[in-house]
Number of protein chains: 2
Amino acid sequence: MSNLPDIAVFVQVVERGSFTAAADRLEISKAAVSKYVGRLEHRLGARLLNRTTRRLTLTEAGAALYDRAGVAIADIAAAEAEVMELTGTPRGRLRVTAPAYFGNAFLMPAVTGFLRSYPDVELELDLNNRIVDLVKERFDVAIRITSLTDSSLVARRLADVRLLTVASPEYLRKAGTPATPADLSDHVGLSYTLQHAPNEWHFVADGKRPVTVHVRGCLRCNSDDALKHAALAGIGITRFPELFIGGEIASGQLVRLLQDYEPPPASLCAVFPTRTNLPPKVRVFVDFLARHLKPA
Amino acid sequence: MSNLPDIAVFVQVVERGSFTAAADRLEISKAAVSKYVGRLEHRLGARLLNRTTRRLTLTEAGAALYDRAGVAIADIAAAEAEVMELTGTPRGRLRVTAPAYFGNAFLMPAVTGFLRSYPDVELELDLNNRIVDLVKERFDVAIRITSLTDSSLVARRLADVRLLTVASPEYLRKAGTPATPADLSDHVGLSYTLQHAPNEWHFVADGKRPVTVHVRGCLRCNSDDALKHAALAGIGITRFPELFIGGEIASGQLVRLLQDYEPPPASLCAVFPTRTNLPPKVRVFVDFLARHLKPA
DNA sequence: CGAGATTGTTCACAGACGTGAACAATCTAT
DNA sequence: ATAGATTGTTCACGTCTGTGAACAATCTCG
């Protein structure tokens, strides 16, 4: 056969810009990449890449080859994906990223049942409270709290998460305990960066109208963990998913405030890169989560 | 990498219509083909081919995959060929077919020099007097005497070949020896099948007008060897390239006739499948032949 | 209808291929 | 400027993959 792997590797090298990056992406060693490209050049009898140990340049021949072969390789991958989406059974590696607290508290216990149901799916969980780039790090699904901001992604709502307003005992001793949402205007709020209006806090209470108060923000951060640490250190008041701070409330490290005025529930979403059809492994995983999240 | 060889093999199976044929074409074992296809089906989680031990049918999924991947594979092969044609050095397997007598008398001696000049070319000579299908049997070049009839092929004239009019002594004893072309109308002519007008023989002589005579054909054949045997057996008069019957004339098995009236020289051609640009290995081979045929 | 031929699949073995460490060459920091 | 980091390449070793024969299933020809 007209040795295709060589070309696949070559295309990957061109697209990633280096042999090492291509090796990482293809999950083979640098040595193998070097061999593949060398073999292809030898077979075609033409140098494809000018390598200067620090910078790769496409030869004229290399550019010509990439122009035509690059799209063909992509076509094949797309065709494969299409077949898999249409008629395939759940199978293959499934890369999922989720908030660490959600993973520990809920995902890990549920996962065993999922893997039993779909033995051909190989799950790769990345429990991490940072915001990841789905396409860049090639995740199939991300579990997130916030509503999505990146329009190139699509989301599916899995469940509501209850948010609790909390602060540390030390902070309350210093700044006093608010009794109504209106009292918050005198307090310091810790907010999550990725929100529409981080310092506008909404509350709802049974039988009353929704309330919006402006808090004075002193710390805005894109890390759940950092915000929790700030709250524990007594820097201010913040609002967190119940799951995330259940332990701290039970142990008394954080105190729940305004119990009659809950924040409107946030949405727990499964987020995935835009695709016409989802691969079966992703579909069944999200379905599984939605089914098992109903009781919670 | 999204395992491409699997798809290449699958495409080949579809195009050739059977696992065995694909194995032949790809020059791997049937077992390997079976494994490749099986692996692909397993990876996609869908059956691609319905195999009934005697007939292959494309699954809906298989048809979808082939529709898109087939052209992509062809594109890649074309891109490879293009690069090789534009900037490549002579390299790879070169399949050549030539008349046996030409191969033995001329090609084999010349070939050693060619291989020394281009050590990366692997020559595969098929010396055979039958007419082969270039594309079907995947030859890169054919050396032929006749002008080409198949318009899908292109040819390049390499040299003129001198044709001699000959017959066996036995035949001449029975039928007499013709002294002029006009005498041939009483004789039996053995003709090669693939000629415009097999029974119209042309002659030219120094200082005289070209002559055309009609001979009575009793045997028309598409095999050089068969015609030679017929001539040796005394069945009739025929015209052959000098190289082809030099030995028989020297040994007296065939007698040269009408020495003053030679047939117009035929063209020795290199014939190849139509391509925009020839691969370097083919180009240098034909150049080499043309260069070394001038003296002869 | 039955024997022969041909299909695709399975299995143990041998060879090819990728691996990982060491290497030379280059760039980029302090 | 010098040391450190990072690039692509090379080499011996161990694993994975293709091989070839045997096999069951099917079709075809007399």
Side-chain angles (χ1 to χ4, degrees), chain A residues 1-59 61-63 65-66 73 91-93 120 122 136, chain B residues 1-59 61-63 65-66 73 92-93 120 122:
Chain A
M1 84 204 76
S2 61
N3 244 328
L4 287 177
D6 301 350
I7 295 206
V9 171
F10 165 72
V11 166
Q12 212 38 249
V13 168
V14 174
E15 291 183 349
R16 310 289 298 174
S18 89
F19 281 50
T20 313
D24 284 354
R25 168 64 90 103
L26 296 168
E27 299 185 9
I28 59 179
S29 62
K30 295 182 298 177
V33 174
S34 184
K35 276 189 181 178
Y36 272 115
V37 175
R39 185 162 29 188
L40 180 61
E41 289 181 327
H42 181 83
R43 196 156 56 77
L44 297 182
R47 181 155 270 259
L48 300 172
L49 293 163
N50 288 322
R51 3 213 200 293
T52 70
T53 327
R54 204 67 183 181
R55 204 119 201 106
L56 283 185
T57 321
L58 269 172
T59 303
L65 182 63
Y66 176 74
I73 293 279
R91 192 180 301 275
R93 198 190 315 182
D120 292 331
E122 182 190 337
K136 204 168 188 177
Chain B
M1 86 202 76
S2 61
N3 244 330
L4 286 177
D6 302 350
I7 295 205
V9 171
F10 165 72
V11 167
Q12 215 33 254
V13 168
V14 173
E15 291 182 349
R16 309 290 296 175
S18 90
F19 280 50
T20 312
D24 283 354
R25 169 63 91 103
L26 296 169
E27 300 185 7
I28 58 178
S29 62
K30 295 182 299 179
V33 174
S34 184
K35 276 188 181 177
Y36 272 114
V37 175
R39 185 161 29 186
L40 180 61
E41 289 180 327
H42 181 83
R43 197 156 56 79
L44 297 182
R47 181 156 269 258
L48 300 172
L49 293 163
N50 289 320
R51 4 214 198 290
T52 70
T53 326
R54 202 68 181 180
R55 205 119 200 105
L56 284 185
T57 321
L58 270 172
T59 304
L65 182 62
Y66 177 73
I73 294 281
R93 199 191 314 184
D120 292 333
E122 184 189 337

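Here is the naming used below: chain letters follow the sequence lines, and residue numbers restart at 1 for every chain.
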pair A/L40-A/R43: side-chain heavy atoms closer than 4.5 Å: yes

By salt bridge (Lys or Arg N to Asp or Glu O under 4.0 Å) - contacts of B/R47 (at least two apart): none

Spacing of A/L49 atom CG relative to D/dG8 atom P, expressed in whole Å: 10 Å

Sub-4.5 Å side-chain heavy-atom contact between A/R16 and A/D24: no

Side-chain touch A/L4/B/I73, heavy atoms, less than 4.5 angstrom: yes

Close side-chain approach of B/L65 to B/L44, heavy-atom, < 4.5 Å: yes

Side-chain touch A/L48/A/L58, heavy atoms, less than 4.5 angstrom: no

Spacing between B/N50 atom CG and C/dG8 atom P, to the nearest angstrom: 13 Å

Partners passing side-chain hydrogen bond (donor to acceptor under 3.5 Å, both in side chains) against A/E15 (at least two apart in sequence or in another chain): A/Y66

Length of the line joining B/L26:CG and C/dG8:C1', which is rounded to integer Å: 16 Å

Any donor-acceptor N/O pair, B/T59 side chain to B/G62 backbone, under 3.5 Å: no

Euclidean distance, atom CZ of residue A/R16 to atom P of D/dT7 [Å, nearest integer]: 13 Å

Presence of A/R51 side-chain N/O under 4.0 Å of D/dT9 phosphate oxygens OP1/OP2: yes

The helix from C/dC1-D/dG30 to C/dT30-D/dA1: angle between end helix axes, five pairs per end, rounded to 10 degrees: 40°

Members of residues 17-24 of chain B that approach DNA chain D, where some heavy atom sits under 4.0 Å away: none

With sequence neighbours excluded, residues passing side-chain hydrogen bond (donor to acceptor under 3.5 Å, both in side chains) with B/D120: B/R91

Results of side chain to side chain contact (heavy atoms under 4.5 Å, CB included) for A/R39 - residues two or more places apart only: A/D6, A/Y36

Counterpart residues, side chain to side chain contact (heavy atoms under 4.5 Å, CB included), relative to A/A23 (two or more places apart): A/K30, A/V33

For nucleotides 15-22 of chain C, print each protein N/O atom paired with a nucleotide N/O atom at under 3.5 Å, atom names and distance only.
unit_1 : atom_1 : unit_2 : atom_2 : d
C/dG18 : OP1    : A/Y36  : OH     : 2.2
C/dG18 : N7     : A/K35  : NZ     : 3.2
C/dT19 : OP2    : A/S29  : N      : 2.7
C/dT19 : OP2    : A/S29  : OG     : 2.7

Closest heavy-atom pair and its distance - A/V37, A/F10: CG2-CA, 4.5 Å

Give each protein N/O atom lying under 3.5 Å from an N/O atom of nucleotides 13-16 of chain D, with the pair distance.
none

Heavy-atom donor-acceptor pair, B/S18 side chain to B/A21 backbone, under 3.5 Å: yes

Atom-to-atom span, CG of B/L48 to C1' of C/dG8 - whole angstrom: 16 Å

